Amino acid sequence: MAKVPVQFTLNGAEKAEFIDSGTTLLHALRDKIGDTSPKGGCHQGTCGACSVIIDGELRLSCLTLAETCNGATIATTTGLAEGGVLHPLQCAFLDAFATQCGFCTPGMIMAAKVLLDQTPNPSREDVVEALSGNICRCTGYEPIIQAVLSAARSNSQNAA
Amino acid sequence: MALALQTFATVKDAGAALKAAGARYLGGGTLVVRAANEGDVSISGFIRSTEPALSIIRISGGEVRIGASVTMAAVARHPDLATLAHAARAVGGPAIRNMASVGGNLFAPTPYGDFTVALLALDATVSTDDGELPIETFLAKRESNHAIVTAVGFTLPKEGGFRFLKVSRVKPKGISVLSIATVLEHAPDGTVSSARIALGCMADRPIRARAAEKALIGRELTSEGIAPALAVARDGTSPRTDPIASAWYRNEVLPVHLGRLLLA
Ligand SMILES: Cc1cc2nc3c(=O)[nH]c(=O)nc-3n(C[C@H](O)[C@H](O)[C@H](O)COP(=O)(O)OP(=O)(O)OC[C@H]3O[C@@H](n4cnc5c(N)ncnc54)[C@H](O)[C@@H]3O)c2cc1C
Ligand code: FES
Ligand code: FES
(Lines give C-alpha, C1' and ligand atoms only; values in the text may rest on other atoms or scores of the structure.)
(Ligands and ions follow the chains in the order given, each with its own letter.)
Protein backbone atom coordinates (compact mmCIF):
# COMPACT_ATOMS: atom_id res chain seq x y z
CA MET A 1 0.00 0.00 0.00
CA ALA A 2 1.29 3.45 -0.88
CA LYS A 3 2.70 5.38 2.06
CA VAL A 4 1.43 8.87 2.79
CA PRO A 5 3.24 11.64 4.64
CA VAL A 6 1.93 12.98 7.94
CA GLN A 7 3.31 15.93 9.80
CA PHE A 8 2.22 17.37 13.11
CA THR A 9 3.55 18.91 16.30
CA LEU A 10 3.72 16.37 19.12
CA ASN A 11 4.39 17.72 22.60
CA GLY A 12 6.12 20.74 21.10
CA ALA A 13 8.32 18.82 18.62
CA GLU A 14 7.77 18.64 14.86
CA LYS A 15 7.11 15.08 13.69
CA ALA A 16 7.03 13.88 10.10
CA GLU A 17 6.46 10.25 9.11
CA PHE A 18 5.40 8.12 6.19
CA ILE A 19 2.53 5.86 7.17
CA ASP A 20 0.08 3.50 5.51
CA SER A 21 -2.98 5.51 4.50
CA GLY A 22 -5.79 4.94 7.00
CA THR A 23 -3.48 4.25 9.97
CA THR A 24 -5.04 5.35 13.25
CA LEU A 25 -3.31 8.08 15.21
CA LEU A 26 -2.94 5.64 18.11
CA HIS A 27 -1.03 3.23 15.90
CA ALA A 28 1.08 6.01 14.38
CA LEU A 29 1.99 7.44 17.79
CA ARG A 30 2.81 4.14 19.43
CA ASP A 31 4.32 2.07 16.65
CA LYS A 32 5.83 4.66 14.27
CA ILE A 33 6.75 7.59 16.48
CA GLY A 34 7.39 5.65 19.68
CA ASP A 35 5.16 7.60 22.06
CA THR A 36 3.57 4.73 23.96
CA SER A 37 1.74 6.90 26.51
CA PRO A 38 -1.67 6.61 24.78
CA LYS A 39 -2.90 3.06 25.42
CA GLY A 40 -4.96 0.83 23.16
CA GLY A 41 -7.60 -0.61 25.46
CA CYS A 42 -10.59 -1.30 23.25
CA HIS A 43 -10.00 0.36 19.85
CA GLN A 44 -13.76 1.01 20.01
CA GLY A 45 -14.02 4.47 21.54
CA THR A 46 -15.29 3.02 24.78
CA CYS A 47 -12.43 3.04 27.30
CA GLY A 48 -10.71 6.41 26.75
CA ALA A 49 -7.22 4.99 27.41
CA CYS A 50 -6.06 6.34 24.02
CA SER A 51 -7.23 9.93 24.73
CA VAL A 52 -4.95 12.68 23.45
CA ILE A 53 -5.41 16.43 23.05
CA ILE A 54 -5.60 17.61 19.45
CA ASP A 55 -5.64 21.38 18.91
CA GLY A 56 -6.86 21.86 22.46
CA GLU A 57 -9.67 19.27 22.26
CA LEU A 58 -9.83 15.83 23.82
CA ARG A 59 -10.01 13.13 21.12
CA LEU A 60 -9.75 9.38 20.91
CA SER A 61 -6.64 8.45 18.98
CA CYS A 62 -7.95 4.93 18.24
CA LEU A 63 -10.79 6.37 16.14
CA THR A 64 -8.81 9.22 14.57
CA LEU A 65 -6.98 8.61 11.31
CA ALA A 66 -3.46 10.03 11.52
CA GLU A 67 -3.72 11.77 8.13
CA THR A 68 -6.58 13.91 9.42
CA CYS A 69 -4.12 15.42 11.93
CA ASN A 70 -1.80 16.97 9.36
CA GLY A 71 -0.69 20.36 10.68
CA ALA A 72 -2.28 19.74 14.08
CA THR A 73 -0.83 20.26 17.54
CA ILE A 74 -1.05 17.08 19.59
CA ALA A 75 -0.39 16.63 23.29
CA THR A 76 0.05 13.33 25.12
CA THR A 77 1.01 12.49 28.68
CA THR A 78 4.62 12.03 27.57
CA GLY A 79 4.94 15.78 27.15
CA LEU A 80 3.61 16.79 30.56
CA ALA A 81 6.69 16.55 32.77
CA GLU A 82 9.12 19.44 32.35
CA GLY A 83 12.82 18.79 32.88
CA GLY A 84 12.07 15.70 34.98
CA VAL A 85 9.54 17.57 37.14
CA LEU A 86 6.13 15.95 37.04
CA HIS A 87 3.05 17.95 36.06
CA PRO A 88 0.75 18.83 39.01
CA LEU A 89 -1.83 16.36 37.70
CA GLN A 90 0.74 13.57 37.64
CA CYS A 91 1.81 14.40 41.21
CA ALA A 92 -1.82 14.52 42.35
CA PHE A 93 -2.51 11.09 40.78
CA LEU A 94 0.46 9.61 42.62
CA ASP A 95 -0.42 11.25 45.94
CA ALA A 96 -4.08 10.23 45.80
CA PHE A 97 -3.31 6.62 44.78
CA ALA A 98 -5.33 7.39 41.65
CA THR A 99 -3.16 5.13 39.55
CA GLN A 100 -2.93 1.41 40.24
CA CYS A 101 -2.26 -0.72 37.16
CA GLY A 102 -1.83 2.60 35.32
CA PHE A 103 -3.43 1.56 32.05
CA CYS A 104 -6.18 4.17 32.16
CA THR A 105 -3.95 6.86 33.67
CA PRO A 106 -2.61 8.62 30.53
CA GLY A 107 -6.15 8.94 29.15
CA MET A 108 -7.52 10.10 32.49
CA ILE A 109 -4.76 12.69 32.81
CA MET A 110 -5.35 14.10 29.32
CA ALA A 111 -9.10 14.32 29.98
CA ALA A 112 -8.38 16.05 33.29
CA LYS A 113 -5.86 18.40 31.65
CA VAL A 114 -8.38 19.65 29.10
CA LEU A 115 -10.83 20.23 31.93
CA LEU A 116 -8.37 22.22 34.07
CA ASP A 117 -7.14 24.20 31.05
CA GLN A 118 -10.72 25.34 30.41
CA THR A 119 -12.15 25.27 33.95
CA PRO A 120 -9.37 25.90 36.50
CA ASN A 121 -11.72 25.54 39.49
CA PRO A 122 -14.04 22.69 38.55
CA SER A 123 -16.83 21.33 40.71
CA ARG A 124 -16.97 17.62 41.48
CA GLU A 125 -19.73 17.31 38.84
CA ASP A 126 -17.47 18.99 36.27
CA VAL A 127 -14.76 16.42 37.02
CA VAL A 128 -17.15 13.47 36.80
CA GLU A 129 -18.48 14.80 33.48
CA ALA A 130 -14.97 15.41 32.09
CA LEU A 131 -13.86 11.87 32.94
CA SER A 132 -17.10 10.22 31.84
CA GLY A 133 -15.58 8.78 28.67
CA ASN A 134 -12.71 7.11 30.54
CA ILE A 135 -12.98 3.72 32.17
CA CYS A 136 -10.84 2.57 35.12
CA ARG A 137 -11.06 -1.02 36.32
CA CYS A 138 -8.82 -0.61 39.37
CA THR A 139 -9.44 2.47 41.46
CA GLY A 140 -13.20 2.78 41.73
CA TYR A 141 -12.86 6.34 40.33
CA GLU A 142 -13.07 8.20 43.65
CA PRO A 143 -9.27 8.58 44.04
CA ILE A 144 -9.09 9.89 40.46
CA ILE A 145 -11.81 12.47 41.09
CA GLN A 146 -10.03 13.53 44.30
CA ALA A 147 -6.70 13.77 42.45
CA VAL A 148 -8.14 16.10 39.82
CA LEU A 149 -9.80 18.29 42.43
CA SER A 150 -6.57 18.39 44.41
CA ALA A 151 -4.51 19.33 41.32
CA ALA A 152 -7.00 22.15 40.65
CA ARG A 153 -6.64 23.38 44.24
CA SER A 154 -2.84 23.33 44.11
CA ASN A 155 -2.89 25.12 40.73
CA SER A 156 -5.05 27.90 42.13
CA GLN A 157 -2.88 28.17 45.28
CA ASN A 158 0.22 28.49 43.11
CA ALA A 159 -1.49 31.13 40.98
CA ALA A 160 -2.56 33.14 44.06
CA MET B 1 -4.43 -3.66 7.60
CA ALA B 2 -5.15 0.03 7.35
CA LEU B 3 -7.88 1.13 4.93
CA ALA B 4 -6.80 3.98 2.68
CA LEU B 5 -8.32 7.42 3.18
CA GLN B 6 -8.99 9.68 0.22
CA THR B 7 -9.52 13.38 0.99
CA PHE B 8 -11.24 15.71 -1.49
CA ALA B 9 -11.51 19.49 -1.42
CA THR B 10 -15.06 19.39 -2.78
CA VAL B 11 -18.14 17.36 -1.89
CA LYS B 12 -18.68 16.78 -5.60
CA ASP B 13 -15.37 14.96 -6.05
CA ALA B 14 -15.83 13.04 -2.81
CA GLY B 15 -19.31 12.03 -3.99
CA ALA B 16 -17.88 10.61 -7.22
CA ALA B 17 -15.25 8.61 -5.27
CA LEU B 18 -17.90 7.30 -2.87
CA LYS B 19 -19.48 5.36 -5.73
CA ALA B 20 -16.66 2.78 -5.51
CA ALA B 21 -17.78 -0.51 -3.93
CA GLY B 22 -17.09 -0.63 -0.19
CA ALA B 23 -16.09 3.05 0.03
CA ARG B 24 -17.47 4.70 3.18
CA TYR B 25 -17.73 8.38 3.97
CA LEU B 26 -15.66 9.39 7.01
CA GLY B 27 -17.35 11.87 9.34
CA GLY B 28 -15.92 11.99 12.85
CA GLY B 29 -15.15 8.30 12.52
CA THR B 30 -16.63 7.26 15.87
CA LEU B 31 -18.73 4.57 14.21
CA VAL B 32 -17.03 3.88 10.91
CA VAL B 33 -13.42 3.70 12.16
CA ARG B 34 -14.71 1.69 15.08
CA ALA B 35 -16.27 -0.76 12.58
CA ALA B 36 -13.00 -0.94 10.64
CA ASN B 37 -11.02 -1.57 13.84
CA GLU B 38 -13.44 -4.36 14.60
CA GLY B 39 -12.68 -5.96 11.23
CA ASP B 40 -15.76 -4.98 9.19
CA VAL B 41 -14.79 -6.45 5.83
CA SER B 42 -17.54 -4.59 3.95
CA ILE B 43 -15.41 -1.41 4.19
CA SER B 44 -12.78 -1.06 1.47
CA GLY B 45 -11.67 2.51 2.18
CA PHE B 46 -12.63 5.92 3.55
CA ILE B 47 -13.65 9.04 1.65
CA ARG B 48 -13.98 12.52 3.13
CA SER B 49 -14.37 16.07 1.98
CA THR B 50 -12.81 19.12 3.60
CA GLU B 51 -15.16 21.60 1.89
CA PRO B 52 -15.44 24.45 4.44
CA ALA B 53 -19.26 24.73 4.20
CA LEU B 54 -19.53 21.29 5.83
CA SER B 55 -18.19 22.70 9.10
CA ILE B 56 -20.29 25.86 9.34
CA ILE B 57 -23.33 26.68 11.48
CA ARG B 58 -25.46 29.43 9.92
CA ILE B 59 -28.39 31.03 11.68
CA SER B 60 -30.47 33.81 10.18
CA GLY B 61 -34.04 34.91 10.84
CA GLY B 62 -34.69 31.84 13.02
CA GLU B 63 -33.57 29.45 10.27
CA VAL B 64 -30.69 27.18 11.23
CA ARG B 65 -28.35 25.33 8.90
CA ILE B 66 -25.76 23.03 10.47
CA GLY B 67 -23.03 21.60 8.22
CA ALA B 68 -22.74 17.81 8.29
CA SER B 69 -19.19 17.85 9.73
CA VAL B 70 -20.16 20.09 12.67
CA THR B 71 -19.52 18.20 15.90
CA MET B 72 -21.82 17.70 18.86
CA ALA B 73 -19.41 19.81 20.95
CA ALA B 74 -19.70 22.71 18.47
CA VAL B 75 -23.51 22.55 18.58
CA ALA B 76 -23.47 22.35 22.40
CA ARG B 77 -21.33 25.48 22.79
CA HIS B 78 -23.00 27.63 20.10
CA PRO B 79 -24.61 30.59 21.88
CA ASP B 80 -27.64 30.68 19.56
CA LEU B 81 -28.32 26.95 19.80
CA ALA B 82 -28.71 26.82 23.58
CA THR B 83 -32.10 25.12 23.09
CA LEU B 84 -30.35 22.16 21.47
CA ALA B 85 -27.28 22.02 23.72
CA HIS B 86 -28.87 19.44 25.99
CA ALA B 87 -29.53 17.09 23.06
CA ALA B 88 -26.00 17.52 21.67
CA ARG B 89 -24.52 16.86 25.12
CA ALA B 90 -26.51 13.63 25.30
CA VAL B 91 -24.15 12.06 22.76
CA GLY B 92 -21.26 10.10 24.32
CA GLY B 93 -18.55 11.54 26.57
CA PRO B 94 -16.44 14.67 25.95
CA ALA B 95 -13.99 13.07 23.50
CA ILE B 96 -16.79 11.46 21.47
CA ARG B 97 -18.61 14.82 21.29
CA ASN B 98 -15.47 16.49 19.95
CA MET B 99 -15.50 13.99 17.07
CA ALA B 100 -19.12 12.87 16.51
CA SER B 101 -20.64 14.79 13.61
CA VAL B 102 -24.22 15.79 12.97
CA GLY B 103 -24.06 14.03 9.58
CA GLY B 104 -22.78 10.79 11.12
CA ASN B 105 -25.48 10.83 13.79
CA LEU B 106 -28.12 10.60 11.04
CA PHE B 107 -26.72 7.17 10.16
CA ALA B 108 -26.16 5.92 13.70
CA PRO B 109 -28.12 2.73 14.34
CA THR B 110 -30.19 2.17 17.51
CA PRO B 111 -29.32 2.60 20.39
CA TYR B 112 -27.41 5.60 19.00
CA GLY B 113 -28.80 8.57 17.11
CA ASP B 114 -29.85 10.74 20.06
CA PHE B 115 -29.27 14.03 18.25
CA THR B 116 -31.20 12.74 15.25
CA VAL B 117 -34.20 12.26 17.54
CA ALA B 118 -34.02 16.00 18.23
CA LEU B 119 -33.71 16.76 14.50
CA LEU B 120 -36.72 14.55 13.75
CA ALA B 121 -38.88 16.43 16.27
CA LEU B 122 -37.66 19.67 14.67
CA ASP B 123 -38.82 18.29 11.30
CA ALA B 124 -35.41 19.08 9.83
CA THR B 125 -34.51 18.98 6.17
CA VAL B 126 -31.48 16.90 5.19
CA SER B 127 -29.38 18.37 2.37
CA THR B 128 -27.23 16.02 0.32
CA ASP B 129 -25.12 16.41 -2.79
CA ASP B 130 -28.12 14.86 -4.53
CA GLY B 131 -30.84 17.24 -3.26
CA GLU B 132 -32.92 17.86 -0.13
CA LEU B 133 -35.19 15.47 1.74
CA PRO B 134 -37.47 15.74 4.77
CA ILE B 135 -35.66 13.97 7.62
CA GLU B 136 -38.33 11.28 7.97
CA THR B 137 -37.98 10.28 4.31
CA PHE B 138 -34.21 10.42 4.61
CA LEU B 139 -34.17 8.15 7.67
CA ALA B 140 -36.51 5.61 6.06
CA LYS B 141 -34.10 5.13 3.16
CA ARG B 142 -30.76 5.91 4.74
CA GLU B 143 -29.15 2.52 3.98
CA SER B 144 -29.75 2.92 0.26
CA ASN B 145 -28.62 6.57 0.30
CA HIS B 146 -25.16 6.80 -1.20
CA ALA B 147 -25.16 10.59 -1.33
CA ILE B 148 -23.08 12.76 0.98
CA VAL B 149 -25.07 14.65 3.57
CA THR B 150 -23.94 18.28 3.45
CA ALA B 151 -26.16 19.91 6.09
CA VAL B 152 -29.35 19.79 8.12
CA GLY B 153 -31.75 22.73 8.27
CA PHE B 154 -34.66 23.58 10.56
CA THR B 155 -36.60 26.45 12.06
CA LEU B 156 -35.57 27.31 15.61
CA PRO B 157 -38.49 26.45 17.88
CA LYS B 158 -40.10 29.17 19.99
CA GLU B 159 -38.66 29.72 23.48
CA GLY B 160 -39.53 26.65 25.57
CA GLY B 161 -41.08 24.90 22.55
CA PHE B 162 -38.43 22.17 22.34
CA ARG B 163 -37.93 19.50 24.98
CA PHE B 164 -35.51 16.60 25.04
CA LEU B 165 -34.96 13.69 27.36
CA LYS B 166 -32.45 10.86 27.23
CA VAL B 167 -32.91 7.96 29.61
CA SER B 168 -29.76 5.99 30.38
CA ARG B 169 -28.66 3.80 33.23
CA VAL B 170 -25.08 5.07 33.48
CA LYS B 171 -24.69 8.71 34.49
CA PRO B 172 -23.54 11.11 33.18
CA LYS B 173 -22.62 9.21 30.02
CA GLY B 174 -24.64 6.18 29.12
CA ILE B 175 -26.16 4.64 26.03
CA SER B 176 -29.88 5.30 25.62
CA VAL B 177 -32.60 3.14 27.04
CA LEU B 178 -34.63 5.57 24.99
CA SER B 179 -34.68 9.23 24.04
CA ILE B 180 -37.60 11.56 23.37
CA ALA B 181 -37.80 14.99 21.75
CA THR B 182 -40.92 17.13 21.43
CA VAL B 183 -41.77 20.36 19.65
CA LEU B 184 -45.11 21.73 20.84
CA GLU B 185 -47.08 24.86 20.01
CA HIS B 186 -49.94 26.21 22.03
CA ALA B 187 -53.20 28.02 21.20
CA PRO B 188 -54.01 31.24 23.12
CA ASP B 189 -56.14 29.16 25.55
CA GLY B 190 -53.04 27.12 26.45
CA THR B 191 -54.11 23.92 24.71
CA VAL B 192 -51.72 22.16 22.34
CA SER B 193 -52.20 23.36 18.77
CA SER B 194 -49.43 21.36 17.12
CA ALA B 195 -47.19 18.54 18.33
CA ARG B 196 -44.24 16.65 16.98
CA ILE B 197 -42.88 13.82 19.12
CA ALA B 198 -39.80 11.83 18.10
CA LEU B 199 -38.62 8.66 19.79
CA GLY B 200 -35.16 7.07 19.88
CA CYS B 201 -34.54 3.35 20.56
CA MET B 202 -38.22 2.54 19.98
CA ALA B 203 -37.44 1.08 16.53
CA ASP B 204 -34.27 0.41 14.51
CA ARG B 205 -34.06 4.19 13.88
CA PRO B 206 -35.69 7.32 15.30
CA ILE B 207 -39.45 7.43 14.63
CA ARG B 208 -42.36 9.85 15.12
CA ALA B 209 -45.06 8.99 17.64
CA ARG B 210 -47.91 10.02 15.34
CA ALA B 211 -50.78 8.62 17.41
CA ALA B 212 -49.56 10.41 20.55
CA GLU B 213 -49.07 13.64 18.58
CA LYS B 214 -52.67 13.49 17.33
CA ALA B 215 -54.03 12.69 20.79
CA LEU B 216 -52.36 15.81 22.23
CA ILE B 217 -54.04 18.30 19.92
CA GLY B 218 -56.57 20.47 21.74
CA ARG B 219 -55.46 19.09 25.11
CA GLU B 220 -53.87 20.84 28.07
CA LEU B 221 -50.52 19.72 29.42
CA THR B 222 -51.97 18.30 32.62
CA SER B 223 -52.06 14.70 33.85
CA GLU B 224 -55.62 14.31 32.53
CA GLY B 225 -54.88 16.25 29.35
CA ILE B 226 -51.98 14.06 28.28
CA ALA B 227 -53.49 10.72 29.36
CA PRO B 228 -54.93 9.86 25.91
CA ALA B 229 -51.52 10.60 24.29
CA LEU B 230 -49.71 8.37 26.78
CA ALA B 231 -52.22 5.60 26.17
CA VAL B 232 -51.23 5.45 22.49
CA ALA B 233 -47.51 6.31 22.91
CA ARG B 234 -46.47 2.75 21.97
CA ASP B 235 -48.45 2.67 18.71
CA GLY B 236 -46.12 1.79 15.86
CA THR B 237 -43.06 1.15 18.03
CA SER B 238 -40.87 -1.94 17.59
CA PRO B 239 -38.02 -1.57 20.06
CA ARG B 240 -35.06 -3.91 20.11
CA THR B 241 -33.73 -5.97 22.94
CA ASP B 242 -30.07 -5.18 23.51
CA PRO B 243 -27.67 -5.23 26.47
CA ILE B 244 -29.03 -1.85 27.64
CA ALA B 245 -32.71 -2.85 27.91
CA SER B 246 -35.24 -5.36 26.67
CA ALA B 247 -37.91 -4.44 24.15
CA TRP B 248 -40.51 -5.12 26.85
CA TYR B 249 -38.82 -2.70 29.27
CA ARG B 250 -38.54 0.04 26.68
CA ASN B 251 -42.24 -0.26 25.89
CA GLU B 252 -43.16 -0.26 29.57
CA VAL B 253 -41.22 2.89 30.46
CA LEU B 254 -41.93 4.94 27.31
CA PRO B 255 -45.28 6.37 28.51
CA VAL B 256 -43.77 7.13 31.94
CA HIS B 257 -40.91 9.17 30.49
CA LEU B 258 -43.05 10.82 27.82
CA GLY B 259 -45.45 11.86 30.58
CA ARG B 260 -42.62 13.35 32.65
CA LEU B 261 -41.28 15.26 29.66
CA LEU B 262 -44.69 16.66 28.73
CA LEU B 263 -45.40 17.76 32.30
CA ALA B 264 -41.90 19.13 32.97
C1 LIG C 1 -18.12 5.19 23.07
C2 LIG C 1 -19.19 5.70 22.16
C3 LIG C 1 -20.33 6.29 22.72
C4 LIG C 1 -21.33 6.77 21.90
N5 LIG C 1 -22.42 7.33 22.49
C6 LIG C 1 -23.41 7.81 21.71
C7 LIG C 1 -24.57 8.40 22.29
O8 LIG C 1 -24.69 8.49 23.52
N9 LIG C 1 -25.52 8.87 21.47
C10 LIG C 1 -25.44 8.79 20.11
O11 LIG C 1 -26.32 9.26 19.40
N12 LIG C 1 -24.36 8.22 19.53
C13 LIG C 1 -23.36 7.73 20.29
N14 LIG C 1 -22.28 7.15 19.71
C15 LIG C 1 -22.27 6.93 18.27
C16 LIG C 1 -21.61 8.04 17.45
O17 LIG C 1 -20.52 8.60 18.14
C18 LIG C 1 -22.53 9.19 17.07
O19 LIG C 1 -23.76 8.68 16.61
C20 LIG C 1 -21.93 10.14 16.04
O21 LIG C 1 -22.76 11.26 15.85
C22 LIG C 1 -21.62 9.50 14.71
O23 LIG C 1 -20.99 10.49 13.92
P24 LIG C 1 -19.54 10.33 13.26
O25 LIG C 1 -19.25 11.62 12.59
O26 LIG C 1 -18.55 9.86 14.22
O27 LIG C 1 -19.87 9.20 12.22
P28 LIG C 1 -18.89 8.27 11.35
O29 LIG C 1 -18.40 7.15 12.17
O30 LIG C 1 -17.88 9.12 10.66
O31 LIG C 1 -19.93 7.75 10.30
C32 LIG C 1 -21.05 6.96 10.66
C33 LIG C 1 -21.77 6.51 9.38
O34 LIG C 1 -22.34 7.63 8.73
C35 LIG C 1 -21.79 7.82 7.43
N36 LIG C 1 -21.59 9.27 7.29
C37 LIG C 1 -20.99 10.11 8.18
N38 LIG C 1 -21.08 11.38 7.75
C39 LIG C 1 -21.70 11.33 6.55
C40 LIG C 1 -22.07 12.33 5.59
N41 LIG C 1 -21.82 13.62 5.79
N42 LIG C 1 -22.69 11.92 4.46
C43 LIG C 1 -22.96 10.61 4.24
N44 LIG C 1 -22.63 9.63 5.10
C45 LIG C 1 -22.03 9.99 6.24
C46 LIG C 1 -20.47 7.04 7.44
O47 LIG C 1 -20.10 6.59 6.16
C48 LIG C 1 -20.81 5.88 8.36
O49 LIG C 1 -21.50 4.89 7.65
C50 LIG C 1 -21.23 6.66 20.50
C51 LIG C 1 -20.09 6.08 19.94
C52 LIG C 1 -19.08 5.60 20.75
C53 LIG C 1 -17.85 5.01 20.12
S1 FES D 1 -8.56 2.43 22.86
FE2 FES D 1 -9.49 4.25 22.19
S3 FES D 1 -11.21 4.41 23.48
FE4 FES D 1 -10.38 2.47 24.07
S1 FES E 1 -5.53 2.20 37.29
FE2 FES E 1 -5.93 0.26 36.37
S3 FES E 1 -7.47 0.76 34.93
FE4 FES E 1 -7.30 2.57 36.06
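None of these values were measured; they are calculated from a predicted model. Proteins come first, then strands; the chains are lettered A, B, ... in the order of their sequence lines, and each starts at number 1.
- A donor-acceptor pair under 3.5 Å links the side-chain atoms of N37(B) to the main chain of H43(A), judged by distance alone.
- Residues T23(A) and D20(A) have side chains that never bring a donor and an acceptor to within less than 3.5 angstrom of each other.
- Scanning all heavy atoms of the two residues, the minimum distance from A66(A) to A28(A) falls at CB-CB, 4.0 Å.
- Chosen from V4(A), T68(A), T46(A), the residue pairing most often with chain B at heavy-atom distances under 4.5 Å is T68(A).
- Annotation: residues 8-21 of chain B contacts chain A through no residue [non-hydrogen atoms, separation under 4.5 Å].
- Under a 3.5 Å cut-off, the side chain of K166(B) and the backbone N or O of A90(B) do form a donor-acceptor pair.
- The pair E57(A)-R77(B) meets the salt-bridge criterion, with a side-chain N (NZ, NE, NH1 or NH2) lying under 4.0 Å from an Asp/Glu carboxylate O.
- Interatomic distance, M202(B) CE to S179(B) OG, rounded to the nearest 0.5 Å: 10.5 Å.
- Atom-to-atom distance recorded for D114(B):CG and L178(B):CG is 10.0 Å, nearest 0.5 angstrom.
- Put simply, the side chain of T128(B) never gets that close to the backbone of V149(B): no donor and acceptor are under 3.5 Å apart.
- Listed by sequence position, E129(A), A130(A), S132(A), G133(A) are the residues of residues 129-142 of chain A in contact with chain B, using a 4.5 angstrom heavy-atom cutoff.
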**OP:** Please test L25(A) against V52(A) for side chain to side chain contact (heavy atoms under 4.5 Å, CB included), starting from the C-alpha separation and ending with a verdict.
**Re:** CA-CA 10 Å; L25(A) 179 63; V52(A) 299; 4.0 Å; yes
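- Between S21(A) and E67(A), the side chains place a donor N or O and an acceptor N or O closer than 3.5 Å (distance only, hydrogens not considered).
- When the heavy atoms of residues 76-91 of chain A are compared with those of chain B, none of the residues falls under 4.5 Å.
- In this structure, the portion of L26(B) lying under 4.5 Å from any heavy atom of chain A is its side chain and not its backbone.
- Only the side chain of L65(A) comes within contact range of chain B, judged by heavy atoms closer than 4.5 Å.
- Residues F8(A) and T73(A) are not in side-chain contact: their nearest non-hydrogen atoms beyond the backbone lie 4.5 Å or more apart.
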Show me the donor-acceptor pairs within less than 3.5 Å that the side chains of residues 98-111 of chain A make with the rest of the protein, sequence neighbours left out.
from: T99(A); atom 1: OG1; to: T105(A); atom 2: OG1; distance (Å): 2.7
from: T105(A); atom 1: OG1; to: G102(A); atom 2: O; distance (Å): 3.3

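- Only the side chain of R48(B) comes within contact range of chain A, with heavy atoms under 4.5 Å apart.
- The greatest number of non-hydrogen atom pairs below 4.5 Å with chain B, out of L60(A), V128(A), L115(A), L63(A), is found for L63(A).
- Side-chain N or O atoms of N105(B) include one that pairs as donor or acceptor with a backbone N or O of T116(B) at under 3.5 Å.
- T24(A) touches chain B through its side chain: at least one heavy atom from C-beta onward sits under 4.5 Å away, while N, CA, C and O do not.
- Residues F154(B) and F162(B) place their aromatic rings such that the two centres sit no closer than 6.0 Å.
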